[in-house]
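Both backbone and side-chain heavy atoms feed into the values below; hydrogens, waters and symmetry mates do not. First listed ligand is number 1; within each ligand, the first listed atom is number 1. For the single chain, residues carry numbers from 1 onward in sequence order.
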Amino acid sequence: MVTSICLHRALLGLFFLCLPLLSASEYYRPSNPRLEKAYVALQAWKHSITSDPKGFTENWCGPHVCNYTGVYCAPAPDNPHEFTVAGVDLNHGAIEGTLPEELGLLADLAVFHLNSNKFHGALPSSLECLKLLYELDVSNNQFEGSFPSVVFQLPSLKFLDIRYNRFCGDVPSCVFDLKLDALFINNNQLTFSIPDNIGNSPVSVLVLANNQITGCFPKSIANMHETLRELVILNTGLRACIPPEIGRLDKLRVLDVSYNHLVGPLPESIGGMRKLEQLDVAHNKLSGEIPCSICDLPRLKNFTYSYNYFCGEPPQCLKIRSHDDRKNCIPYRPDQRPPEQCMAFLSKPKYCDSNGCIARPPPPPPPPSSPPPPHHHY
Ligand SMILES: *[C@@H]1O[C@H](CO)[C@@H](O)[C@H](O)[C@H]1NC(C)=O
Ligand SMILES: *[C@@H]1O[C@H](CO)[C@@H](O)[C@H](O)[C@H]1NC(C)=O
């Protein structure tokens with residue numbers, strides 16, 4: 001009953017009109033029913049804004065919503081003779097307020113950009129009325145509460161950007177089943193593990209950074225090889241090994257898994273990422289030798305592997321335009337860790353199981369077997 005909710009809200013919204021600026025005839029004759037609803041939605045929104053320092057919404061008065069700052073109209077997809085609101089872009093407005101349920105009345109909205117404002121609260125559930133919504137960017141605001149699951153009701157959504165907000169709690173795994181081109185959820189307070197269905201996601205850019213990621217690094221990430229160009233899992237607390245399957249991501253240009261607790265070796269298969277330009281694995285607990293295959297990558301311009309426990313690097317690594325091998329355990333290289341640190345690390349090796357999860361070390365050998373207890377025959 002979404003539609004009737006939307007209409008009901010529309011009628012309520014009629015009480016919020018900016019009457020003083022308009023003659024009665026202008027007021028009573030908006031140009032078509034879609035723009036009339038948009039008018040209700042935008043007036044309700046204007047009334048839930050508490051601060052608009054740049055005056056973006058100052059001219060949001062009167063029925064001609066297509067003239068409002070940040071509001072973009074276009075012919076309706078199902079009726080080229082009728083104009084409708086196709087886009088809202090209030091990027092960098094520094095506007096404070098909330099998003100009212102009436103926004104669900106903008107039924108033809110394709111692009112909704114609110115980047116760099118101070119909106120708070122939740123995304124209204126009525127956004128599920130926006131069946132044509134293609135780009136949703138609410139990044140760099142103060143939205144809070146759980147992951148906005150209303151996005152799962154948006155069949156046209158291709159670009160989802162909720163980064164730099166205060167969303168918390170779990171990330172529903174079905175976000176990776178959405179047919180998105182790009183997904184940014186970084187810099188929130190989300191706590192989740194990377195689910196196995198991550199491989200279903202057709203995104204070209206995936207940024208999970210600066211959240212709390214538990215669990216392992218699933219090898220199914222390799223199934224993103226058709227589309228993935230950029231993967232950023234920076235500073236998430238991830239404790240895992242890098243699965244060798246990651247090397248199948250042969251269209252990847254940027255891989256950043258720095259500032260985690262990754263252990264084990266850097267897989268040689270990364271040398272199969274023929275398009276890789278930027279690789280950052282710094283500030284982990286990786287060890288072993290840097291594989292030659294990686295430093296031979298033809299497009300690699302920036303390879304950062306400082307602050308790990310690597311013990312060797314092939315000479316070609318030093319020819320990469322920008323490379324950083326500081327604070328490892330590499331003999332004869334400047335600015336490495338003190339030998340005690342390297343020894344202490346090596347004495348406590350970490351293992352991973354076949355799922356890329358840190359496993360307990362193999363049990364110590366059993367103590368020398370004591371002589372079997374004597375058999376008693378009764
Ligand atoms: C929109 O604004 C322009 C310029 O201010 C004005 O000429 C035009 O009449 C306005 N259109 C409507 C429908 O109000
Ligand atoms: C290389 O990457 C590191 C970390 O990702 C970054 O800090 C640095 O600025 C980059 N260097 C160049 C020359 O792009």
Checklist entry - Between D177 and N197, does a side chain to side chain donor-acceptor pair (under 3.5 Å) hold up when you go through it step by step? => result CA-CA 7 Å; D177 293 322; N197 69 329; 3.1 Å; yes

Checklist entry - Among protein heavy atoms, which lies nearest atom 13 (C) of ligand 2, and at what distance? => result S322 OG, 3.7 Å

Checklist entry - Can you name the closest pair of heavy atoms from I221 and L249 and give their distance? => result O-CD2, 3.5 Å

Next on the checklist: Using 0.5 Å steps for rounding, measure from the OG atom of S139 to the CG atom of N117.
Outcome noted: 9.5 Å

Checklist entry - For atom 4 (C) of ligand 2, which candidate among D324, V254, N302, D280 provides the closest heavy atom? => result D280

Item to check | Verify atom 7 (O) of ligand 2: protein non-hydrogen atom under 4.0 angstrom away | outcome: no

Item to check | Contacting atoms of ligand 2, where contact means under 4.0 angstrom from a heavy atom of T304 | outcome: 2 (O), 3 (C), 4 (C)

Item to check | disulfide bond (SG atoms under 2.5 Å apart) between C216 and C357, intermediate numbers included | outcome: CA-CA 5 Å; C216 314; C357 307; 1.9 Å; yes

